[in-house]
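Everything below concerns the one structure shown next.
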Amino acid sequence: MRSFTSADEKLRMFAQSHFGCPNGNMSSRNWSTKFPYETPLSTTLSSPNQQKYTSAILNLTGKENLGMNLDSNGLESTSGNMATENQEACISCLLDKQKNQSVCSSTRSKGCSFGEIQVERDLQGKLLSNKICLPCLNGTTPNEKGDKCIPCLVPNCTCPAATHELLDLDVCAPKSELVSIPDEQGLYMVDFDHVHQIIKSHYLKTHLRSALYKCTKLKRSKSCQAVANMCVMLLYKDDQNGGPCRIFREYRYIPTTTTNSHLPWLYYGEGDASILLNRKKIETHYSLYSGAENSMLTFMAARYALDGSFLGLFRLSGSDLQLCPGVSRFMDTAFRFGSRYRHSCKLTAQELLQKAATNEFFDLYLLHFVDKSQPMLYAVPLVIANVSINAEIWNKDVDIAQWLLNRRFFFVDNVSGIAYSSEKYKIVSDVSPSVVRYLKSAKLWVKTRREKEDEGKIYPPFMILEYGELTHEDIETNANVEFVFSVDYQMDNDISHIIDVSIGILSAVVVVWSGIQTWSYCRRSGQVTIDMSTLVELALTCCGYFANMIFIVAACVAVHTLVFYKAQSVAYVMLPSEQLENTINKYLILAFLLKIVEVVRLICVQMKIDIFLIDWERPKATSGINSTEIQLQPVSIWRTYFVANEWNEIQTKRKTSLLLQMLITVLLLKVYGVENWTQADPDLHINRIPYVPESLLLRFGVILLIYLFVYLSQWLLMVGVYERYIKNGIQEFVDVCSMANVSVFILLQENYGYYIHGRSVHGYSDTDMQTILSQLRREEDDLVGRRGLLPGTEQQTFQIIIPKVLRTHYNKVMSQMNAIHNKQVGSTFRIKAVNKEDADKIIDAYNNMNKFLAAFLDHALKDLDYEVREKLFVEQLLDIEFCDSLDRGVFYIDNGHSFDGVLFYGNEGTFFIFDLMMFLCIDVFFHDILYAAILTLIITRIISWIRNHGGRRNLAKKTLVDDRFLI
């Protein structure tokens with residue numbers, strides 16, 4: 001809170017600079033009482049004393065030309081002169097005969113004896129050469145200002161103790177009129193709820209009854225303001241009989257220009273909050289464009305001293321409502337329309353008391369314009385979070401209708417907490433308070449209208465205040481206190497409803513789709529009835545689709561809010577509440593947890609697939625040198641080992657590089673400043689604006705868009721250019737199988753899997769380099785057949801549905817190898833760990849399985865066959881097969897790489913969403929993009945290592961390739 005200059009100077013500057021009032025024609029007396037909730041400025045600034053104030057303003061500027069000095073005490077002369085009462089001339093100061101020196105002071109009674117007044121003109125009105133003191137006549141006494149004699153209220157100007165009581169040393173009140181203001185102890189007790197202390201206030205004891213009498217009986221406006229300030233210091237508690245808030249009990253309504261009351265306006269009516277805060281009285285169209293005419297809210301404050309003196313009306317800057325220090329031009333962004341603001345700091349108790357050298361009170365107003373010409377002031381209501389009325393705590397409920405609104409507030413109260421003492425002392429300078437009450441937090445709420453015809457208009461703003469308390473021990477230890485000032489905007493929207501409806505409708509779609517996929521799983525697994533495993537599969541399937549659905553809904557909300565909030569020129573979309581933003585983040589975390597279930601299930605399934613490498617190579621017949629006996633040359637196993645190694649390498653291959661993804665994302669967000677787009681400000685900034693907080697929803701949207709942009713760019717480059725024209729690892733694996741004369745038979749489920757036809761068109765591959773080159777040359781020249789399973793085709797990859805008989809035979813043969821392998825507990829398959837007898841069994845089982853599958857593929861089995869066909873459109877759409885695979889298998893023509901469904905490569909979409917969710921969730925918890933990128937990389941590498949290690953063990957176990965040969 002910055003310090004103010006003198007009231008006259010402020011009023012003059014305000015009148016001339018902001019409202020164009022000629023020569024600052026304003027009346028401070030008119031402001032010293034109260035304002036209606038909405039007052040035309042021209043009416044407010046005019047009064048019967050306007051000419052007098054105009055004259056003062058003119059002479060104020062004139063005195064500056066005469067070399068007079070203006071300080072906090074008014075106009076002072078530097079050469080024994082001072083300004084006259086009407087500010088039109090100079091006069092010599094009063095001569096103090098006792099001290100034999102001039103007394104130049106704005107305090108008129110200073111330098112005169114008791115019962116005397118200062119005068120500067122004779123009876124004819126002629127200006128004297130210097131000020132003199134004159135005694136008042138009998139029956140009269142000096143007024144408070146000390147420049148006039150007024151009739152005494154009692155005979156002989158004495159206060160008879162029998163019938164009257166002297167209040168505050170300047171008021172003699174009849175005891176009959178003080179019956180309603182009894183001198184009771186409870187009247188001066190101040191309850192400090194937070195520190196659980198009740199203190200008899202010295203200030204209330206010495207000033208309350210006097211101020212109440214002057215206000216209620218003498219109708220003095222200044223005294224009524226003082227009583228109002230006492231009520232505010234008590235946080236509007238009116239549960240004390242005769243307390244300062246009691247006189248406002250019947251005055252809890254919004255005053256109008258016809259309201260006839262001498263009391264200041266402190267309370268709104270009970271139950272009026274919901275009506276008041278939804279009034280459409282403010283007609284200014286505010287703009288979201290930075291620098292536009294109405295891009296800033298303008299607030300005014302009427303300021304009062306502790307004794308009720310009116311100190312002026314001021315236009316507020318952002319720093320005026322804050323105790324925290326800061327840069328003024330950044331603190332002014334608090335009033336930027338549509339922009340959130342938050343400034344917090346910690347002050348020591350001594351720093352807090354220094355900022356509250358004088359207790360001041362404020363009434364807040366919003367300046368707006370009607371028809372772009374008529375300035376109007378709208379009273380800004382206050383919601384005090386810890387206000388207590390009739391021993392009941394108000395303003396705790398979320399229901400606005402239960403709020404109690406007030407008008408006046410203060411920053412620091414270091415007066416009411418001073419304990420009473422019969423000794424006379426100056427309150428502030430001589431005694432430390434037992435308790436200091438201070439403004440702990442202040443939040444300005446601005447609600448914008450939603451209707452199309454009201455775009456850019458707002459409902460009445462209001463402030464939510466919360467006060468804290470410091471004990472004497474806290475002050476002695478110089479404890480730290482925290483102050484928070486924030487500004488938030490809201491607009492009625494359907495985001496929450498849209499999210500609920502979208503999730504509700506899409507949940508039904510997810511359940512239906514998950515049911516179809518579970519049905520497909522059961523058919524592929526050969527399950528006929530619904531059992532517990534079916535229900536578990538349905539639940540696991542739902543997890544993945546629910547994760548995608550929730551994430552998409554949350555992402556759409558975030559992107560929609562980001563685009564419209566940052567691109568709009570009028571207030572069409574405002575940021576949702578922080579509570580709703582937290583709810584969306586909870587949805588994101590929930591989606592990520594469900595996605596974890598899907599990824600874990602996917603990795604477990606991939607690490608348990610059945611895979612068999614079919615070697616089409618046949619032994620070559622050779623004859624000895626000295627014998628005519630024909631011998632069969634053994635087939636080399638190295639081709640099978642080579643294919644197994646290639647498969648092992650592509651198990652965790654991804655279409656994109658996560659490391660490159662994170663590097664570019666962090667570069668754009670952190671280095672190039674795109675992260676600053678997440679600040680809750682309508683403009684796009686690449687440099688951070690102080691005190692403007694980040695929006696969690698905007699952060700979600702910005703990170704999502706940047707991540708998507710980098711990923712799509714990388715994906716298009718890799719898939720569209722690199723894999724198409726340079727190197728395609730998946731297609732190269734199929735080519736390797738053809739060159740090695742090895743086919744790959746994969747069973748993902750009981751009756752469903754994939755087949756890669758790697759049979760060489762040359763009939764053999766176990767040969768020397770020259771022959772291999774010759775074979776490739778012949779294939780380039782189209783001198784050999786096609787590589788496809790069917791004659792004359794190139795189709796080498798298939799989705800397969802195998803007959804149950806084949807699966808039964810496969811399980812029977814492979815069970816022998818599994819039984820031997822299971823003896824090697826805790827290790828991968830090692831040939832040297834198997835004894836000779838078991839090794840012979842494994843080799844026989846492997847050869848039998850190889851011959852059986854080769855015969856099946858060559859249609860050489862009488863009662864076991866298959867057909868090749870394309871999937872129906874419905875089968876492709878629903879990812880299901882309608883065929884009956886009891887006696888006959890079906891090979892479905894695929895897209896050339898359907899087998900990558902058992903690899904990371906074929907599940908790129910799943911892992912992309914998983915990485916993105918993990919990146920966003922880590923950022924939600926740690927609010928650090930770099931940290932989120934590093935953790936995402938580490939966790940992803942761990943997952944890849946687990947998948948690679950498990951897949952390696954499974955490959956060695958199912959293909960009989962020694963683990964040591966898998967490089």
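Note: hydrogens, waters and symmetry copies are ignored here, and every other heavy atom, side chains too, is used.
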| said: Working to the nearest 0.5 angstrom, can you tell me the gap between Phe899 CZ and Gln796 CD? | reply: 10.0 Å
| said: Going by ring pair (Phe, Tyr, Trp, His ring centres under 6.0 Å), name the residues that satisfy it together with Tyr752, two or more places apart in sequence or in a different chain. | reply: Tyr754
| Under 4.5 Å between any side-chain heavy atoms of Gln661 and Asp915, yes or no? | no
| said: Just so I know, are the side chains of Leu593 and Val597 near enough to count as touching, which here means a heavy-atom distance under 4.5 Å? | reply: no
| Considering residues at least two apart in sequence or located in another chain, which fulfil the ring pair (Phe, Tyr, Trp, His ring centres under 6.0 Å) criterion with Tyr905? | none
| Is there side-chain contact between Ile772 and Met739, with heavy atoms separated by less than 4.5 Å? | yes
| message | Quick check: closest heavy atoms across Trp647 and Ile609, and the distance to 0.1 Å? | response | CZ2-CD1, 4.3 Å
| task | Would you confirm whether Asp928, through its side chain, and Asp923, through its main-chain N or O, come within 3.5 Å as a donor-acceptor pair? | result | no
| field | Min side-chain heavy-atom separation Thr940-Met918 under 4.5 Å | value | yes
| said: Give me the atom names and distance for the closest heavy-atom approach of Asp858 to Arg759. | reply: OD1-NH1, 2.6 Å
| field | side chain to side chain donor-acceptor pair (under 3.5 Å): pairs with one or both residues in residues 839-849, sequence neighbours excluded | value | Lys836-Asp840
| In Å, rounded to the nearest 0.5 Å, how long is the span from OG1 of Thr652 to CG of Asn948? | 4.5 Å
| query | Of all heavy-atom pairs between Val643 and Val736, which one has the smallest distance, and what is that distance? | reply | CG2-CG1, 4.4 Å
| field | Check against side chain to side chain contact (heavy atoms under 4.5 Å, CB included), Phe612 and Val813 | value | CA-CA 12 Å; Phe612 192 87; Val813 175; over 6 Å; no
| message | Which heavy atom of Ser507 sits nearest to which heavy atom of Met549, and what is that distance? | response | OG-CE, 3.5 Å
| How many angstroms lie between CD1 in Ile756 and OG in Ser743, if you round to the nearest 0.5 Å? | 8.5 Å
| message | Parallel, tilted or perpendicular, judged at 30° and 60°: which one describes the rings of Trp638 and Phe965? | response | perpendicular
| query | Hey, is Arg787 close enough to Asp735 for a salt bridge, meaning N to O under 4.0 Å? | reply | yes
| Hey, does the side chain of Asn741 reach the backbone of Ser760 with a donor-acceptor pair shorter than 3.5 angstrom? | yes
| message | Would you call the rings of His757 and Trp616 parallel, tilted or perpendicular, taking 30° and 60° as the class edges? | response | perpendicular
| said: Please determine whether the number of non-hydrogen atoms from other residues, nucleotides or ligands lying under 6.0 Å from atom CZ of Arg869 exceeds 12. | reply: yes
| task | Check whether more than 12 heavy atoms from other residues, nucleotides or ligands sit under 6.0 Å from atom CD1 of Ile530, and answer yes or no. | result | no
| message | Please check if the number of heavy atoms outside Phe882 that lie under 6.0 Å from its CZ is greater than 12. | response | yes
| Among Asp894, Asp900, Asn895, side chain to side chain donor-acceptor pair (under 3.5 Å) partner for Thr797 | Asp894
| said: Between Asp531 and Thr529, do the side chains contain a donor N or O and an acceptor N or O under 3.5 Å apart? | reply: no
| task | Working to the nearest 0.5 Å, report the span between OH of Tyr755 and CZ of Phe798. | result | 8.0 Å
| field | Non-hydrogen side-chain atoms of Gln714 and Met718 separated by less than 4.5 Å | value | yes
| Can you check whether Leu878's main-chain N or O pairs, donor with acceptor, with Gln517's side chain at less than 3.5 Å? | yes
| request: Find out whether Phe919 and Met662 are in side-chain contact, i.e. whether some heavy atom of one side chain is under 4.5 Å from a heavy atom of the other. | output: yes
| said: Please find the pair of heavy atoms, one from Asn751 and one from Ser525, that lie closest to each other, and give the distance. | reply: ND2-C, 4.2 Å
| request: State the CD1-CG distance between Ile842 and Leu960, to the nearest 0.5 angstrom. | output: 6.0 Å
| field | Asn811-Thr808 side chain donor-acceptor pair, cut-off 3.5 Å | value | no
| field | Residue pair Ile584 / Ala554: nearest heavy atoms and the distance that separates them | value | CG2-CB, 3.9 Å
| Would you say the ring centroid of Phe914 lies under 6.0 angstrom from that of Phe592? | yes
| said: Would the distance check show the side chain of Thr959 and the main-chain N or O of Leu613 forming a donor-acceptor pair, the cut-off being under 3.5 Å? | reply: no
| said: Tell me whether Asn648 contacts the main-chain N or O of Ala644 through its side chain, where contact means a donor paired with an acceptor under 3.5 Å. | reply: no
| Has the side chain of Glu750 got a donor or acceptor atom that lies under 3.5 Å from a matching backbone atom of Gly526? | no
| query | Does the side chain to side chain contact (heavy atoms under 4.5 Å, CB included) test come out yes or no for Phe546 and Val511, once each step is laid out? | reply | CA-CA 9 Å; Phe546 268 112; Val511 172; 4.0 Å; yes
| Lys595/Glu598 salt bridge by N-O under 4.0 Å criterion | yes
| Student check: side-chain heavy atoms of Val961 and Leu955 closer than 4.5 Å | no
| request: List for me each residue that meets side-chain hydrogen bond (donor to acceptor under 3.5 Å, both in side chains) alongside Glu875, sequence neighbours excluded, and say none if there are none. | output: none
| message | Going by the rule side-chain hydrogen bond (donor to acceptor under 3.5 Å, both in side chains), which residues pair with Glu881 if we only count those two or more places apart in sequence or in a different chain? | response | Arg524, Lys871
| message | Apply side chain to side chain contact (heavy atoms under 4.5 Å, CB included) to residues Ser898 and Tyr892 and explain how you reach the verdict. | response | CA-CA 10 Å; Ser898 62; Tyr892 290 100; over 6 Å; no
| request: Begin from the C-alpha positions of Tyr521 and Thr534 and carry the test side chain to side chain contact (heavy atoms under 4.5 Å, CB included) through to its verdict. | output: CA-CA 9 Å; Tyr521 171 84; Thr534 305; over 6 Å; no
| message | Donor-acceptor check, side chain of Asp610 to backbone of Lys958, threshold 3.5 angstrom: yes or no? | response | no
| said: Holding to ring pair (Phe, Tyr, Trp, His ring centres under 6.0 Å), I want the full list of residues that pass it with Tyr866, two or more places apart in sequence or in another chain. | reply: Phe856, His859, Phe891
| query | Looking at OG of Ser774 and CE of Met769, how far apart are the two atoms once the value is rounded to the nearest 0.5 Å? | reply | 13.5 Å
| query | Between Asp766 (side chain) and Ser636 (backbone), is there a donor-acceptor pair under 3.5 Å? | reply | yes
| query | Taking the six-membered ring for Trp, are the ring centroids of Tyr764 and His762 within less than 6.0 Å of each other? | reply | no
| Does atom CH2 of Trp513 have more than 12 heavy-atom neighbours, drawn from other residues, nucleotides or ligands, at distances under 6.0 Å? | yes
| said: Using a 3.5 Å distance criterion without hydrogens, assess whether the side chain of Thr541 forms a donor-acceptor pair with backbone atoms of Ser514. | reply: no
| task | Without swapping roles, check the side chain of Arg786 against the backbone of Glu794 for a donor-acceptor pair under 3.5 Å. | result | no
